[in-house]
Protein chains: 2
Amino acid sequence: MPITLKEIAEKLNISVTTASKALKDYADVSPKTKAKVKALAKELNYQPNAFAVHLRTKESKTIGVIIPEVVHHFFSNVIRGIISEAEKKGYLVIILQSNESYDMEKKQLELLMKQQVDGVLISLANGTNNFDHIKKAIQQNKPVVMFDKIAKVVNCSKIIINDIDAAYNATKHLIDIGCKKIAHFRGPLLPQNSIDRFIGYKRALEDHDMKYDPSLVYLCECGDNSFEEGKINAQQLHQDFNDVDGIFINTDLVAIGAITAFQELGVNIPNDIAIVGFSNWFMSTVITPSISTIDQPGYAMGQTSFNQLYKEIKAQKYGDYVEPETITLKTELLKRGSTQKTICN
Amino acid sequence: MPITLKEIAEKLNISVTTASKALKDYADVSPKTKAKVKALAKELNYQPNAFAVHLRTKESKTIGVIIPEVVHHFFSNVIRGIISEAEKKGYLVIILQSNESYDMEKKQLELLMKQQVDGVLISLANGTNNFDHIKKAIQQNKPVVMFDKIAKVVNCSKIIINDIDAAYNATKHLIDIGCKKIAHFRGPLLPQNSIDRFIGYKRALEDHDMKYDPSLVYLCECGDNSFEEGKINAQQLHQDFNDVDGIFINTDLVAIGAITAFQELGVNIPNDIAIVGFSNWFMSTVITPSISTIDQPGYAMGQTSFNQLYKEIKAQKYGDYVEPETITLKTELLKRGSTQKTICN
DNA sequence: TTTGAAAACGAAAACGATTTCGATTTAACC
DNA sequence: GGTTAAATCGAAATCGTTTTCGTTTTCAAA
């Protein structure tokens with residue numbers, strides 16, 4: 001049904017070769033024939049068969065993205081950033097969701113390799129502690145860029161924020177407003193982000209002569225950063241201590257859960273306990289009190305990730321090697337209601 | 001670099017033909033050769049060249065999805081539903097975002113056609129009032145399924161909810177709890193959803209002997225269903241009337257904006273004004289008061305949409321025609337804080 | 001031993017575009 | 001007119017797989 005080069009060539013009594021070259025402005029086609037071919041191509045609305053082009057050129061103008069969770073304010077912003085940049089360069093974006101599962105992530109990466117995308121962007125699942133699947137992809141010369149949830153041991157470009165610094169600033173903010181006993185909801189054990197945010201929290205305490213107390217750090221049993229986790233941890237903390245006056249929480253969603261629980265328990269936020277979250281979800285601006293948080297630039301991260309990947313795709317196409325880069329994006333502390341105490345202490 | 005059939009064939013001193021057939025369990029290959037080929041293929045980790053397969057089979061095992069906005073609770077749920085079903089059938093999903101713009105939507109559909117995806121799922125942009133691009137795709141025998149934001153005049157399968165009924169129920173709920181003067185924030189003029197929700201609102205009023213008053217319907221100038229829109233409309237309504245005691249609002253996000261504005265104005269929700277939203281965003285459960293709303297099954301809509309598209313892709317592959325279907329998914333009214341009045345009137 | 005059918009294999013033509021390289025035509029100059 | 005260089009063109013190989021259809025081999029029945 002669709003028009004092929006062959007048909008165009010036949011109608012004009014020229015060879016397929018010439019038709020092809022005419023459309024691509026080769027020097028060895030006369031202006032006259034070029035004009036004729038182009039005119040007819042336009043008239044018939046000729047579209048080169050993508051599959052044939054891919055087979056010859058060995059590229060598909062498509063990249064794959066693997067993320068833990070699509071329905072997620074931060075990640076959907078990243079996706080938007082990726083798509084917007086990719087579109088500018090004529091690339092399409094395949095999205096896969098690992099559901100924070102290592103097995104799925106592995107399977108999906110293999111699927112992308114099989115479908116021969118030109119490159120892969122990946123943000124690791126919480127469950128991933130083996131990186132052979134990624135190393136294997138890199139070994140097969142497939143450009144791979146990791147973003148946000150990365151593995152330090154894998155030798156590829158990485159687009160991240162400085163979680164340690166950001167957590168440090170968040171915690172310092174609590175100290176600055178006068179909190180004396182600061183807890184931390186740190187989320188799951190594994191991903192580097194959790195670890196780094198924990199480190200930043202601890203370092204801020206130590207730098208300000210507040211001793212670090214492991215019993216003030218609440219883990220997440222469920223494995224995900226959920227609203228429920230915030231509620232449960234808040235209730236637990238309420239039982240354990242009555243003198244905690246500040247919490248640095250891993251994620252805004254968890255913070256919202258915590259605030260909800262505290263409100264039910266009659267704890268006033270921020271006067272009894274001040275809270276700083278992380279990520280700047282939209283929700284944090286509209287809840288009462290609004291949540292002080294770290295703005296995590298998802299959209300920019302998506303853009304930067306694609307552009308880095310694009311650079312590497314181009315490089316490897318022309319056979320040059322580019323040294324993997326680690327790009328750190330800026331975050332910002334947003335001071336809002338959950339840390340604006342109205343009574344002096 | 002990657003292994004090809006030819007290499008396998010050479011190593012085993014058989015023809016490419018036999019190797020290919022062995023891997024696909026053709027009857028005219030002896031069990032012995034089959035075993036040998038399969039073993040070697042596994043050993044060398046042979047992956048068929050996807051581009052070559054696509055060229056031969058004329059299918060790419062890839063579908064395209066065009067949605068107005070990725071960062072959106074409902075749509076990201078739809079995406080998740082699509083991806084999860086697609087994966088089961090071995091399909092990859094390309095996501096494109098129209099930003100509610102007709103021009104982008106058109107360009108993107110053309111891009112997908114050029115890249116020869118096997119089918120397209122699309123939810124229309126608010127700005128789209130010309131459907132030739134979609135009709136053209138259908139004419140070229142590309143399976144297309146529309147979901148949520150559809151155009152009635154296009155002859156293809158559609159996966160929707162019954163916006164009229166849902167809006168009717170939402171409005172009726174306000175009537176049931178005793179509201180006497182019910183306003184409506186209807187969002188942008190154009191998309192069918194807005195129209196239908198408005199119709200449901202109006203019908204509910206008329207069925208319950210409450211006269212419909214156009215001045216109680218607030219449009220959206222900005223063109224999108226935003227938090228800001230909710231605030232502005234709420235402020236305007238507060239100026240215009242002091243006896244409105246219920247509002248049916250097009251979208252939860254707008255409802256949240258409205259609630260925020262009302263709280264700043266000292267209007268009590270739900271006692272002064274009861275509010276019903278639409279879509280059941282996660283946010284609606286955690287805000288105070290929690291918002292009564294219509295649960296819109298995004299995940300199921302994604303699944304259903306893909307499965308319908310899959311059916312049509314299969315059908316057209318084998319040359320049969322399937323009559324376009326319109327599937328209506330169930331919605332549910334969720335009664336929450338924003339309609340639970342604590343004082344009698 | 002011949003015959004015939006069934007089993008096993010492979011040559012070759014697709015799929016549609018790209019690109020190399022050789023062939024032909026045209027134009028230009030002496 | 002003859003020679004040469006430049007301008008145009010096209011045959012054919014290639015990308016890797018699939019599939020048709022004809023060929024060879026095998027083996028049991030006659």
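On a predicted model such as this, the values are computed, not experimentally measured, just so you know. By convention in this document, chain letters (A, B, ...) are assigned in the order of the sequence lines, proteins followed by strands, and residues within each chain are numbered from 1. No hydrogens, no waters, no symmetry mates; every other heavy atom, side chains included, goes into these values.
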Checklist line | Val16(A) backbone acceptor or donor facing Ser20(A) side chain under 3.5 Å | finding: no
Next item on the list: Whole angstrom is fine here: how far is it from CG in Asp25(B) over to P in dT19(D)?
Entry: 14 Å
Next item on the list: Could you check which of dA17(C), dG16(D), dC21(D) has an atom nearest any side-chain atom of Lys21(B)?
Entry: dC21(D)
Check: Side chain of Ala52(B): nearest nucleotide among dG10(C), dA17(C), dG16(D)?
Finding: dG16(D)
Next item on the list: Spell out yes or no: do the side chain of Thr17(A) and the base of dA12(D) have one donor N/O and one acceptor N/O closer than 3.5 Å?
Entry: yes
Check: Do you see a donor-acceptor pair shorter than 3.5 Å between the side chains of Glu110(B) and His133(B)?
Finding: no
Checklist line | Residue Lys24(B), side-chain atoms from C-beta onward, closest of dT17(D), dC15(D), dT19(D) | finding: dT19(D)
Notebook entry, point to check: Looking across every strand, which nucleic acid part, if any, lies under 4.0 Å from Asp28(A) by heavy atom: base, sugar-phosphate, or nothing?
Noted result: base
Next item on the list: Take Thr33(B) and Val53(A), find for each the nucleotide of DNA chain C with the closest heavy atom, and name the residue whose nucleotide sits nearer the 5' end.
Entry: Thr33(B)
Margin query: Under a 3.5 Å cutoff, is there a donor and acceptor pairing between the side chains of Gln108(A) and Glu87(B)?
Written below: yes
Margin query: Looking only at the side chain of Ser15(B) (C-beta and beyond, no hydrogens), which of the listed nucleotides dT17(D), dG10(D), dA11(C) gets closest?
Written below: dA11(C)
Next item on the list: Specify the residue among Pro31(A) and Pro2(B) whose closest nucleotide of DNA chain D lies further upstream toward the 5′ end.
Entry: Pro31(A)
Notebook entry, point to check: Is there a side-chain contact between Val53(A) and Lys61(A) (heavy atoms, below 4.5 Å)?
Noted result: no
Next item on the list: Under 4.0 Å between any heavy atoms, over every strand shown, what does Phe51(B) touch: base, sugar-phosphate, or nothing? Just pick one.
Entry: nothing
Notebook entry, point to check: Would Phe75(A) and Phe147(A) satisfy side chain to side chain contact (heavy atoms under 4.5 Å, CB included), going step by step from the backbone distance to the final call?
Noted result: CA-CA 10 Å; Phe75(A) 283 124; Phe147(A) 62 92; 4.1 Å; yes
Next item on the list: Spell out yes or no: do the side chain of Lys58(A) and the base of dG16(D) have one donor N/O and one acceptor N/O closer than 3.5 Å?
Entry: no
Note to self: On the nucleotide dT18(C), are OP1 or OP2 found under 4.0 Å from the side-chain N or O atoms that Ser20(A) carries?
What the structure shows: yes
Note to self: Between P on dC15(D) and CD on Glu59(A), what's the gap in Å once rounded to a whole number?
What the structure shows: 17 Å
Checklist line | d(NZ, Lys32(B); C1', dA7(C)) in whole Å | finding: 13 Å
Note to self: Please report the distance, rounded to the nearest Å, between CD1 in Ile14(A) and P in dA23(C).
What the structure shows: 21 Å
Check: Rounding to a whole Å, what distance do you find between Asn49(A):CG and dT14(D):P?
Finding: 21 Å
